[in-house]
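Report on the structure given below.
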Amino acid sequence: MNKSGILVVISGFSGAGKGTLVRKLMEKYDNYSLSISMTTRKPRDGEENGVHYFFVDHRKFEQTIAEDGLLEYASYLGNYYGTPKEYVEKQIAEGKDVILEIEVQGALQIKKKFPNTLLLFVTPPSGEELYNRLTSRNTETNEQIMGRISRASEEVEWIPKYDYLVINDKIEECVESLHNIILSAHNAPIRQQELIERLKNELDSLSKGE
Ligand code: 5GP
């Protein structure tokens with residue numbers, strides 16, 4: 001059994017329902033920890049500092065970069081977003097699977113630094129459904145929605161870099177798919193180096209008659 005947790009990146013178009021999926025995943029299973037990102041974006045209605053994000057100004061964000069306090073960061077539609085390092089490292093060491101809900105540039109930075117990271121991309125079943133979800137949440141202006149759609153059309157190009165593409169049609173089913181993929185991912189040889197090493201040593205000794 002691999003005792004330390006794994007890093008799981010969940011990306012997806014803005015409006016794909018990642019936030020709800022991740023919340024349900026956390027409610028249903030206790031082996032996950034969610035990393036709370038730092039951002040220079042202004043809070044939306046109902047968003048709380050330290051719960052949804054750590055909301056900071058540009059100066060504080062740049063200071064955190066300079067102090068090497070972020071695992072990754074990216075600029076998305078004019079704002080900075082980044083993953084605070086300390087929390088993630090602590091949770092992984094405690095055996096939790098840490099979920100990072102981040103966009104594609106950050107996801108690829110993480111994969112480069114930590115090749116064991118599992119990259120999951122969530123999409124609604126169609127472009128039309130994405131547009132409907134973005135308009136029905138009533139949190140952005142039409143111009144902002146079109147910005148998010150145009151960004152999604154760029155992000156499609158990055159999907160092949162991910163390990164799995166998960167369709168978010170029925171939310172409960174999607175939560176189960178994500179959980180099952182993460183459980184299976186623990187058994188991939190790349191995440192079982194310790195076990196492989198132990199088997200190798202044991203078999204080595206046995207084959208020498210020790
Ligand atoms: P929103 O403004 O809708 O909350 O988030 C915009 C995008 O930024 C989403 O795709 C979200 O996943 C991504 N994001 C949130 N936190 C981070 C982070 O720490 N790093 C990166 N690279 N992207 C993030």
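Along the sequence shown, residues carry numbers from 1. As the structure lists them, so they are numbered: ligands from 1, and atoms in each ligand from 1.
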Q | Pair T83-E72, side-chain donor/acceptor within less than 3.5 Å | A | yes
Q. Atoms of ligand 1 less than 4.0 Å from G106 heavy atoms?
A. 22 (N)
(Q) So does L119 get a backbone contact from the side chain of D163, meaning a donor-acceptor N/O pair under 3.5 Å? (A) yes
Q: Please identify which atoms of ligand 1 are closer than 4.0 Å to at least one heavy atom of R41.
A: 1 (P), 2 (O), 4 (O)
Q: Return yes if some donor-acceptor pair links the side-chain N/O of T40 with the main-chain N/O of Y80 below 3.5 Å, else return no.
A: yes
Q) Which part of Y76 is near ligand 1, with near meaning a heavy atom under 4.0 Å away: side chain, backbone, both or neither? A) side chain
Q | Over all atoms of both residues, closest heavy-atom pair of M26 and Y32 | A | CE-O, 3.5 Å
(Q) Below 4.0 Å from ligand 1: does a non-hydrogen atom of K18 turn up there or not? (A) yes
Q: Decide whether Q192 and E194 meet the rule of one side-chain donor and one side-chain acceptor closer than 3.5 Å.
A: no
Q) With a 3.5 Å cut-off and no angle check, do the side chains of E197 and Q193 form a donor-acceptor pair? A) no
Q.
Quiz question: by atom type and distance under 3.5 Å, do the side chains of S35 and Y87 form a donor-acceptor pair?
A. no
Q.
Any atom of ligand 1 sitting under 4.0 Å from a heavy atom of R44?
A. yes
Q) What protein heavy atom is closest to atom 20 (N) of ligand 1, reported as residue, atom name and distance in Å? A) E72 OE2, 2.7 Å
Q.
Could you check whether E86 pairs with K90 (Lys NZ or Arg NE/NH1/NH2 to Asp/Glu carboxylate O, under 4.0 Å)?
A. no
Q. With a 4.0 Å cut-off on heavy atoms, does Y53 reach ligand 1?
A. yes
Q.
Suppose I only count heavy atoms of G82 and a 4.0 Å limit; which atoms of ligand 1 are within that range?
A. 18 (C), 19 (O), 20 (N)
**Q.** Part of R148 with heavy atoms under 4.0 Å of ligand 1, whether side chain, backbone, both or neither
**A.** side chain
(Q) I'd like to know whether ligand 1 has Q105 as a neighbour, heavy-atom separation below 4.0 Å. (A) no
Q: Compute the shortest N/O to N/O distance between Y73 and ligand 1 and return yes if it is under 3.5 Å, no if not.
A: no
Q: Give the atoms of ligand 1, by number and element, whose distance to some non-hydrogen atom of S37 is under 4.0 Å.
A: 16 (N), 17 (C), 18 (C), 19 (O)
Q | E27/K24 ion pair, N-O < 4.0 Å | A | no
Q: Below 4.0 angstrom from a heavy atom of A74, which ligand 1 atoms are there? Numbered from 1 as shown, please.
A: 22 (N)
Q | Heavy-atom gap Q109 to ligand 1 smaller than 4.0 Å | A | no
Q.
Give me the nearest non-hydrogen protein atom to atom 12 (O) of ligand 1 as residue plus atom name, then the distance to 0.1 Å.
A. E101 O, 3.2 Å
(Q) Tell me the protein heavy atom at minimum distance from atom 13 (C) of ligand 1, and give that distance in Å. (A) E103 N, 3.6 Å
Q) If you take all heavy atoms of V9 and S11, which pair is closest and at what distance? A) CG1-OG, 3.6 Å
